[in-house]
Amino acid sequence: MLQNFWYACEFSHAVTDQPKQIELWNQKIVLYRDVSGSVVALKDVCPHRGAALSLGKVEGNCIQCPYHGWKFQPDGACTTIPSNPLHVPIPRKAKIPVYSVQEKYGFIWLFWGDLSIENQPPLPTMPDFSDPAFRTIYVERKANAHYSRVIENLIDPVHAAFLHANSFGGGIAKALPSITKAKVVMDDFGASLSVDVPQPVSRFWKLVYGEKKRTTNISLRFCLPNVTFFSVDSHFRMRQSYAVIPVNDNTTIIKTIYSRTLFNFPWADGFIRKITIQTFLEDKPTLESQRPSVVPNDLAAEIHVAGDAMTVAYRKLRKKSMEMKYAVESSSFSTQHLMESVSTSE
Ligand code: FES
Ligand code: CO
């Protein structure tokens, strides 16, 4: 896994003053908003008898365990123990590991690793995010596949011409020569590909704009560790931002913020959602069939052609990040460092 990165892990609007459990890298985490509206992220395990705090309730800034009513504040410290009538001081060990969170661009971002590292990888930028011209829907899907394979699927422009040939892939097939020639631009933590195609790229858009030749720019981008973007700029604009959430080694949840200036009316939301889910259902069996299930680190392990430039860029950056001293691959990563920081702050 990629450690010491900010992971997009939930839609911002999904976090309220009701506890919400999420799961990242096999770790259950409870999210809620405190009185000031800030998002709190705690390990979702009560240190008393191990119950899930997310089954309890939020009271003011604190979350209360459903089992014996212990309350914990946003820094993880226990403030109240109802079954302690002798008023013995609260045990100092009664603390829950806390995760650092940021809220930006419609997502909650959670830092997975050691926050004290230098050269912290930044959040990706999403420049058009708050443009009022867009109408936005939020779509969630789940696959029994490793998130690295899902990321590659989302940044792979050429599979659409084949796997999605009967839905929207026909237009992509015509654009294949331009796509395979397009240059991939890489930076330290991501890459992008932008290509002008001479006509609307799907039957859907042709229906709207007719057969007239127009230039449409499509662009794909990914940022480590787990977000990808797809955008279209034509007579309309479309932006899709994907959080590809590694729940565990074999489960990935994909949360998409889908914004468009085309059909930007409420009545079209259901239709667009249906297309998005249909597209995913076309991808899902293939994603779940891939072996090895994790994208190989060794570039020579699979075969690459011109159309694979984006996924090759992903493999290179992923490997580089794993080799960096502050981003190591380890399947045994635990919240040990969090425990340590909790005990040293006592
Ligand atoms: Fe949480 Fe007892 S298990 S208060
Ligand atoms: Co696809």
Side-chain angles (χ1 to χ4, degrees), residues 19 21 28-30 32 42-59 62-73 76-85 88 90-91 93-97 139 141-173 175-176 179 193 201-204 218-222 228-232 238 240-242 244 252 254 256 258 272-290 295 307-308 310-311 314:
Q21 186 187 68
K28 297 201 166 51
I29 297 161
V30 58
Y32 70 91
L42 303 171
K43 184 174 172 180
D44 196 13
V45 179
C46 180
H48 178 222
R49 288 294 181 269
L53 295 165
S54 54
L55 296 174
K57 59 183 181 203
V58 174
E59 292 216 328
C62 293
I63 184 159
Q64 182 169 43
C65 181
Y67 202 175
H68 310 91
W70 292 26
K71 283 189 195 172
F72 301 88
Q73 61 191 27
C78 180
T79 60
T80 309
I81 299 183
S83 57
N84 197 13
V88 178
I90 289 170
K93 275 166 112 178
K95 265 194 162 183
I96 306 175
V139 190
R141 289 87 81 214
K142 188 175 183 176
N144 295 321
H146 192 260
Y147 88 117
S148 59
R149 291 288 192 185
V150 178
I151 286 183
E152 289 206 344
N153 172 262
L154 293 167
I155 59 174
D156 175 346
V158 296
H159 83 283
F162 202 81
L163 188 62
H164 303 298
N166 295 326
S167 47
F168 66 93
I172 298 278
L176 277 183
I179 291 172
L193 174 147
V201 290
S202 81
R203 272 187 295 176
F204 171 68
I218 59 176
S219 98
L220 284 166
R221 176 161 73 106
F222 69 85
T228 74
F229 303 94
F230 175 55
S231 61
V232 175
M238 187 184 75
Q240 294 177 16
S241 312
Y242 296 81
V244 185
T252 300
I254 306 145
T256 308
Y258 187 139
I272 304 224
R273 182 182 306 277
K274 215 173 129 190
I275 293 177
T276 307
I277 289 170
Q278 181 55 40
T279 302
F280 174 69
L281 291 177
E282 289 171 5
D283 284 305
K284 192 173 182 276
T286 306
L287 283 172
E288 295 178 347
S289 78
Q290 286 179 280
V295 162
D308 301 323
M310 278 294 274
T311 50
Y314 173 67

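Atom set for the values below is all heavy atoms of this structure, side chains included, hydrogens, waters and symmetry mates excluded. Just follow the structure's listing: the first ligand is 1, and inside any ligand the first atom is 1.
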Item to complete: Check whether any side-chain heavy atom of Lys142 sits under 4.5 Å from a side-chain heavy atom of Phe280, and report yes or no.
Response: no
Item to complete: Have a look at His159 and say which of its N, O or S atoms is nearest the Co ion (ligand 2).
Response: NE2
Worksheet item: Name of the His48 N, O or S atom nearest atom 2 (Fe) of ligand 1?
Response: ND1
Item to complete: Apply side chain to side chain donor-acceptor pair (under 3.5 Å) to Gln21 and list each qualifying residue two or more places apart in sequence or on a separate chain.
Response: Asp44
Response to the item:
ang(OD1 Asp283, the Co ion (ligand 2), NE2 His164) rounded to 10° is 90°
Worksheet item: Of Cys65, Pro66, Pro82, which has the heavy atom at the shortest distance from atom 1 (Fe) of ligand 1?
Response: Cys65
Worksheet entry | Within-4.5 Å side-chain heavy-atom neighbours: Ser219 and Phe229 | no
Practice prompt. Determine whether Trp70 and Thr80 make a side-chain contact, defined as any pair of heavy atoms from C-beta on separated by less than 4.5 Å.
Written response: no
Discussion item. Tell me which N, O or S atom from His68 is the closest to atom 2 (Fe) of ligand 1.
Written reply: ND1
Worksheet item: atom 3 (S) of ligand 1: which protein heavy atom is closest, and how many Å away?
Response: Arg49 N, 3.3 Å
Item to complete: Any chance you could measure Gln64, atom CD, to Cys46, atom SG, to the nearest 0.5 Å?
Response: 10.5 Å
